K.L.:
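Got a structure here, written out as structure tokens. Questions coming.
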Amino acid sequence: MSLINFLRGARGQIAPDVPVTEKPSLFDKTFRFIALDVETANSDSSSICQIGLACVPVQGPVMSLGTLIDPETHFDSFNVNLHGIDAVRVQGQPNFEWFLSGFQELLSRQPLVQHSAFDKRAIESACHAYGLSVPDLTWHDSVTMARRAWPEFKGNGGHGLANLKVELGLEFQHHDAEEDARAAAQVVLLAEERTGLTLQDLAAPKRKASRKFLATPSLEGRQDGPLHGHVACFTGSLSMSRTDAAKLAADAGVTVRNTVSGKTTLLVVGDQDLTLLNGHDKSSKHRRAEELSLQGQKIGIITESTFLAMLNS
């Protein structure tokens with residue numbers, strides 16, 4: 001359904017250059033979410049030439065609406081070939097300012113879904129282009145939700161609408177804003193069905209699993225052990241428990257402590273932990289050992305594998 005015709009159906013004709021004052025019942029409703037999609041006239045994200053909405057109620061069918069928008073700028077052939085919209089088709093259509101004046105209140109009341117971050121950027125860019133304040137909207141990305149629901153698509157066509165259309169059996173005309181908005185809404189509904197999670201759960205940032213380790217027991221190394229004189233501390237994920245690692249070390253003569261100090265000569269790091277990129281997420285023990293090393297303390301930072309090889313030799 002055309003957004004313009006929908007609005008005009010409320011009471012008589014509403015001219016494109018006049019803000020909407022007579023609003024039909026759609027504007028009084030609260031939806032679970034609204035999926036929004038735009039098409040642009042050229043590479044400038046502010047050049048919106050079509051907007052589509054798919055309003056998803058708590059119960060009942062999805063209501064999809066769409067309208068052409070006069071971007072008041074030029075069309076690039078690449079974009080025209082993509083969506084089939086040109087300067088002739090948008091002649092006499094409303095501009096973005098008209099759309100926002102009529103729909104900002106509705107869009108501000110419920111979560112919005114976009115498939116990728118482009119649509120949010122386009123809306124904000126168009127606001128800047130027209131000198132309008134960017135409305136306070138709540139955006140979610142259905143690409144993120146699709147990745148959580150169908151991780152197997154990664155590397156097998158991906159989570160773009162074109163591949164999801166095939167994999168999920170969706171029926172829509174790609175690069176038509178109303179159709180794409182409806183498809184994005186369907187992706188969310190199917191992701192909820194597959195995972196049993198709500199839109200908010202699917203959209204929430206993934207929490208990093210916290211790693212909890214039992215404290216390493218403090219043990220004195222055997223005086224007759226081949227590695228007597230070393231003082232070791234363990235950090236990170238090991239292939240065995242900290243207690244077992246400490247006992248092995250003590251049997252070889254290594255004194256084991258739970259903290260890095262001025263007496264520490266060895267920091268044993270879980271094999272994967274030592275390879276973390278650019279030092280991100282290193283443990284406090286790891287960082288402290290590096291500080292002491294820079295200060296001149298002789299302290300070796302080695303992997304568990306290297307440490308076990310030392311014990312075996």
Side-chain angles (χ1 to χ4, degrees), residues 1-9 13-20 26 34-56 62-104 106-107 112-132 134-135 137 139 141-143 158 160-166 170-187:
M1 179 188 296
S2 165
L3 287 170
I4 299 175
N5 290 339
F6 188 88
L7 291 173
R8 287 173 174 167
Q13 295 289 317
I14 299 178
D17 58 347
V18 176
V20 178
L26 168 72
I34 295 177
L36 183 150
D37 187 86
V38 306
E39 298 294 337
T40 57
N42 53 58
S43 58
D44 186 341
S45 59
S46 70
S47 64
I48 296 175
C49 62
Q50 188 185 31
I51 299 176
L53 305 177
C55 305
V56 180
V62 175
M63 177 187 295
S64 63
L65 311 166
T67 188
L68 294 172
I69 296 289
D70 184 353
E72 301 182 300
T73 187
H74 70 281
F75 281 78
D76 285 346
S77 58
F78 174 83
N79 297 67
V80 173
N81 291 334
L82 194 65
H83 49 56
I85 303 169
D86 57 17
V88 175
R89 285 192 61 189
V90 301
Q91 191 171 18
Q93 298 296 326
N95 62 17
F96 174 79
E97 186 173 10
W98 176 90
F99 167 81
L100 193 65
S101 69
F103 284 85
Q104 179 174 340
L106 174 68
L107 299 180
L112 300 183
V113 168
Q114 58 180 337
H115 201 77
S116 83
F118 177 76
D119 304 285
K120 175 178 182 289
R121 185 167 69 250
I123 293 293
E124 292 178 352
S125 296
C127 287
H128 293 313
Y130 279 90
L132 305 173
V134 177
L137 305 175
W139 293 92
D141 191 343
S142 51
V143 173
L161 282 181
N163 188 57
L164 293 178
K165 179 178 183 178
V166 176
L170 303 177
E171 296 183 3
F172 66 98
Q173 181 183 338
H174 199 13
H175 296 302
D176 175 278
E178 180 179 347
E179 294 273 304
D180 284 350
R182 185 163 51 85
Q186 289 298 323
V187 168

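Bear in mind the structure is a predicted one, so any value in this text is a computation, not a measurement. What's counted below: heavy atoms across the whole structure, side chains too, no hydrogens, waters or symmetry copies.
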K.L.:
Quick check against the 3.5 Å criterion: does Asp37 have a side-chain atom that pairs as donor or acceptor with the backbone of Gly52?
P.N.:
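Checked: no pair found.
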K.L.:
Are any non-hydrogen side-chain atoms of Phe99 and Ile48 less than 4.5 angstrom apart?
P.N.:
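No, too far: nothing below the 4.5 Å cut-off.
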K.L.:
So how far is it from Asp176 CG to His83 NE2, rounded to the nearest 0.5 Å?
P.N.:
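Those atoms lie 10.5 Å apart.
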K.L.:
Would you name the heavy atoms of Ala184 and His115 that are closest together and state the gap between them?
P.N.:
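Closest approach of Ala184 to His115, heavy atoms only: CB-CB, 4.3 Å.
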K.L.:
Restricting to non-hydrogen atoms, name the atom on Ser125 and the atom on Ser45 that form the minimum distance, rounded to 0.1 Å.
P.N.:
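Smallest interatomic distance, heavy atoms only, reads OG-OG, 2.9 Å.
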K.L.:
Which pair of heavy atoms, one from Glu72 and one from Asn95, lies closest together, and at what distance?
P.N.:
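Nearest pair, atom of Glu72 first, then Asn95: OE1-ND2, 3.6 Å.
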K.L.:
Does any part of the side chain of Asp70, heavy atoms only, come nearer than 4.5 Å to the side chain of Trp98, both counted from C-beta?
P.N.:
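Result no, sub-4.5 Å side-chain heavy-atom pair not found.
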K.L.:
What closest approach, in Å, do Ala35 and Ala181 show between heavy atoms, and which atom pair accounts for it?
P.N.:
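Scanning both residues, the minimum pair turns out to be CB-O, 3.2 Å.
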K.L.:
Does any part of the side chain of Ile85, heavy atoms only, come nearer than 4.5 Å to the side chain of Leu68, both counted from C-beta?
P.N.:
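In short, these two side chains touch, coming nearer than 4.5 Å.
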K.L.:
Pick one: which of Glu178, Glu179, Gln186 meets side-chain hydrogen bond (donor to acceptor under 3.5 Å, both in side chains) with Arg182?
P.N.:
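Among Glu178, Glu179, Gln186, the one meeting side-chain hydrogen bond (donor to acceptor under 3.5 Å, both in side chains) with Arg182 is Glu179.
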K.L.:
State plainly whether the residues Glu124 and Lys120 are in salt-bridge range, i.e. N to O under 4.0 Å.
P.N.:
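A salt bridge links Glu124 with Lys120.
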K.L.:
Rounded to the nearest 0.5 Å, how far apart are CD1 of Ile69 and CD of Glu97?
P.N.:
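Result: 11.5 Å between the selected atoms.
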K.L.:
Atom CG of Leu161 and atom OG of Ser142: how far apart are they, to the nearest 0.5 Å?
P.N.:
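Going from CG on Leu161 over to OG on Ser142, the span is 6.5 Å.
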K.L.:
Might you point out which heavy atoms bring Pro135 and Leu100 nearest each other, and give the distance in Å?
P.N.:
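Closest approach of Pro135 to Leu100, heavy atoms only: CG-CD1, 4.1 Å.
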K.L.:
Relative to the ring of Phe96, is the ring of Tyr130 parallel (under 30°), tilted (30 to 60°) or perpendicular (over 60°)?
P.N.:
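Aromatic pair Tyr130/Phe96 classed tilted.
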K.L.:
Just wondering, do Phe103 and Ile51 contact through their side chains at under 4.5 Å, heavy atoms?
P.N.:
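No; the side chains remain at least 4.5 Å from each other.
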K.L.:
Measure across Ala41 and Pro71 and return the closest heavy-atom pair with its distance rounded to 0.1 Å.
P.N.:
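Closest approach of Ala41 to Pro71: CB-CG, 3.8 Å.
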K.L.:
Please tell me if the side chains of Trp139 and Ile123 come closer than 4.5 Å, counting only heavy atoms from C-beta onward.
P.N.:
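Yes - at least one pair of side-chain heavy atoms lies under 4.5 Å apart.
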K.L.:
Would you indicate whether the side-chain heavy atoms of Asn79 and Glu39 approach each other to under 4.5 Å?
P.N.:
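Sidechains of Asn79 and Glu39: no contact.
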K.L.:
Say whether, by atom type as modelled, one donor and one acceptor occur between the side chain of Asp86 and the main chain of Val80 under 3.5 angstrom.
P.N.:
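Between the backbone of Val80 and the side chain of Asp86 there is no qualifying donor-acceptor contact (under 3.5 Å).
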K.L.:
With rounding to the nearest 0.5 angstrom, report the CG to CG distance, Leu36 to Leu65.
P.N.:
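If I round to the nearest 0.5 Å, the distance is 11.0 Å.
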K.L.:
Examine the side chains of Asp180 and His175 and answer whether a donor and an acceptor come within less than 3.5 Å of each other.
P.N.:
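Side-chain D/A pair, Asp180 to His175: absent.
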K.L.:
Under 4.5 Å between any side-chain heavy atoms of His74 and Asn42, yes or no?
P.N.:
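In contact.
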K.L.:
Is there a donor-acceptor pair under 3.5 Å between the side chain of Asp76 and the backbone N or O of Phe78?
P.N.:
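No, because the side chain of Asp76 does not come within donor-acceptor range (under 3.5 Å) of the backbone of Phe78.
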K.L.:
Return the SG to CG distance between Cys55 and Leu107, rounded to the nearest 0.5 Å.
P.N.:
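Atom-to-atom, Cys55:SG and Leu107:CG are 8.0 Å apart.
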